[in-house]
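The figures that follow rest on heavy atoms only: side chains count, while hydrogens, waters and symmetry mates do not. Ligands are counted one by one from 1 in listed order, and the atoms in each one are counted from 1 as well.
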Amino acid sequence: MKYISEFRQHDLARQLARAIAQTVDPDRHYRLMEFCGGHTHAIFRYGVQDLMPPNVEFIHGPGCPVCVLPTGRIDNAIQLAERHEVILCTYADLMRVPATGRNSLLKAKAGGCDIRMVYSTQDVLKIARDNPDRPVVFFAIGFETTTPPTAVAIKQAQAERLANFSVFCNHVLTPAAMLAILDAPQPVSIDAFLGPSHVSTIIGSQAYEPFAEHHAKPIVIAGFEPLDVMQSALMLIRQLNEGRHEVENEYSRAVTRQGNVKAQALMREVFELRPQFEWRGLGLIPDSALKLKPDYADFDAEQRFGLPAIRAADVKGCECPAILRGAKKPQDCKLLGTVCTPENPMGSCMVSSEGACAAYWSYGRLSRRSG
Ligand code: SF4
């Protein structure tokens, strides 16, 4: 298939592995953080780490929107379904993320709540049209990739005067999270970043330029196929060797410097920055998430239902918070593959199809402890 098979070719992978081996400085260690879980899964599914020299290490980052959503927001969603008797619409991965008290959206649904899995915001609008006497709430999560479709749905609902539709907004912003990782009180040692691919199709590579300059960290926007990851690693290693800290774009078949200007305008029209937002593992990060602008307040579920801010603890023993900021790896969690499995997840990193723990489980990386 075009755009997939040519990015998985064995011969090219071997050539890239040789080029990386010839380029690395044997006297230094390279710690490359992949921000996206899609990269983590490509690295383990295709054995990319095994093709790297021993001094090139991938550090797993925030992963995906499901991974970084804190427990309190899941608790909020369950409250909506239980106390306010809404039809709560959500994407499938969120259903099994543990909430407080070993609860989850799936368990709440089994207990009688009207929680429905959807594939798109258009599904939610249809449910709202079909149920005019019931409040319908879209549990919206995602980085910048999925924010524009939520904006479209809100504008569509306003145009149709769909008064029973509202959005529980949990859209978050990637550059702010990258900043928070480096500015943490006890920052993890990271030399360079594999930049998000899908997110960057929207925000463009220029969104990372101030960050790369200010923190002197090279960034390469990387596609999700194994050759993309290897080529991007080579580009980062070259930058580090040459003392450069630039934003380079390996994923040029989809990402431009400007990004999707129309989608950015749509987001600016409907959303504004929250002063701060809690991320699992990263804590409260200023200017890192979006809420609905006052013009669209009628569609804001948080305001409509008066949802309280909840700070909730993660499952005891779950290392998701440390894994999401790159401080630990899944093998460091004693629950991995014993108590915690995809069938019985204890944390978001095992639930999400882009989670680091799910990658280790799926591709058999359970035995080696990091370090
Ligand atoms: S293996 Fe499970 S319990 Fe451990 S960090 Fe991952 S999700 Fe959390």
Side-chain angles (χ1 to χ4, degrees), residues 31 33-45 48-49 57-75 77-78 90-108 139 141-143 170 172 177 180-181 184 186-190 278-283 285 310-371:
R31 292 170 59 87
M33 172 174 270
E34 79 274 6
F35 187 92
C36 290
H39 291 135
T40 308
H41 277 253
I43 288 164
F44 287 107
R45 180 176 180 189
V48 172
Q49 180 70 73
E57 182 185 0
F58 289 109
I59 310 290
H60 318 314
C64 76
V66 173
C67 297
V68 296
L69 190 72
T71 304
R73 302 296 279 187
I74 312 274
D75 292 345
I78 292 171
T90 184
Y91 297 131
D93 269 1
L94 270 178
M95 294 292 286
R96 294 184 307 117
V97 178
T100 297
R102 307 299 298 273
N103 204 355
S104 68
L105 290 170
L106 196 61
K107 287 177 183 168
F139 189 177
I141 69 158
F143 295 138
N170 296 273
V172 289
I181 288 168
Q186 295 172 318
V188 175
S189 170
I190 297 163
E278 185 189 356
W279 292 56
R280 189 190 296 261
L282 300 176
I285 306 179
I310 300 174
R311 298 292 301 269
D314 292 307
V315 172
K316 197 174 172 200
C318 171
E319 299 283 6
C320 277
I323 291 168
L324 294 170
R325 59 177 182 271
K328 290 191 176 180
K329 293 193 172 173
Q331 305 108 314
D332 298 321
C333 177
K334 293 190 177 73
L335 307 185
L336 176 68
T338 54
V339 177
C340 182
T341 63
E343 290 73 36
N344 184 40
M346 294 291 120
S348 58
C349 302
M350 185 60 91
V351 175
S352 168
S353 56
E354 294 182 56
C357 300
Y360 277 60
W361 171 268
S362 301
Y363 307 117
R365 301 277 164 162
L366 303 180
S367 56
R368 286 187 315 190
R369 297 257 167 218
S370 64

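- Atoms of ligand 1 found under 4.0 Å from any heavy atom of Met350, numbered from 1 in the order shown, are 7 (S).
- Residue-ligand proximity, Met346 to ligand 1, at heavy-atom distances under 4.0 Å covers atoms 3 (S).
- At a cut-off of 2.8 Å, Cys320 does not coordinate atom 2 (Fe) of ligand 1 through any N, O or S atom.
- When non-hydrogen atoms are compared, ligand 1 lies under 4.0 Å from the side chain of Cys333 (C-beta onward) but not from its backbone.
- Interatomic distance, Arg280 CZ to Leu324 CG, rounded to the nearest 0.5 Å: 7.5 Å.
- Neither the backbone nor the side chain of Val315 comes within 4.0 Å of ligand 1, counting heavy atoms alone.
- In this structure, CE on Met346 lies 12.5 Å from CG on Asp314, to the nearest 0.5 angstrom.
- Tested against Cys357 for a side-chain contact (heavy atoms from CB on, under 4.5 Å), the candidates Thr40, Leu335, Leu336 yield a single pass: Leu336.
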Apply the test side chain to side chain contact (heavy atoms under 4.5 Å, CB included) to residues Leu105 and Met95: give CA-CA distance (whole Å), side-chain angles for both, the deciding distance (0.1 Å), then the verdict. CA-CA 5 Å; Leu105 290 170; Met95 294 292 286; 4.0 Å; yes
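- With rounding to the nearest 0.5 Å, the separation of CD1 in Ile141 from SG in Cys67 is 9.0 Å.
- The side chain of Cys340, and not its backbone, has at least one atom closer than 4.0 Å to an atom of ligand 1 (non-hydrogen atoms only; side chain from C-beta on).
- The protein non-hydrogen atom at the shortest distance from atom 8 (Fe) of ligand 1 is Cys318 SG, 2.4 Å.
- Distance check, rounded to the nearest 0.5 Å: CG of Asn170 to CD1 of Ile74 gives 8.0 Å.
- Contact atoms of ligand 1 toward Leu336: 1 (S) (distance under 4.0 Å to a heavy atom of the residue).
- In this pair, Tyr360 and His60 present their aromatic rings perpendicular. The plane angle is above 60°, beyond the 30 to 60° band.
- In this structure, atom 5 (S) of ligand 1 lies nearest to the protein heavy atom Glu319 N, 3.2 Å.
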Check against side chain to side chain contact (heavy atoms under 4.5 Å, CB included), Lys107 and Arg102: CA-CA 9 Å; Lys107 287 177 183 168; Arg102 307 299 298 273; 4.2 Å; yes
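- Taking 2.8 Å as the criterion, Cys357 counts as a coordinating residue of atom 6 (Fe) of ligand 1, since one of its N, O or S atoms falls below it.
- The distance from ligand 1 to the heavy atoms of Leu335 drops below 4.0 Å at these ligand atoms: 3 (S).
- Shown in contact with Ile323 at under 4.0 Å from a heavy atom are these atoms of ligand 1, numbered in order with element: 5 (S).
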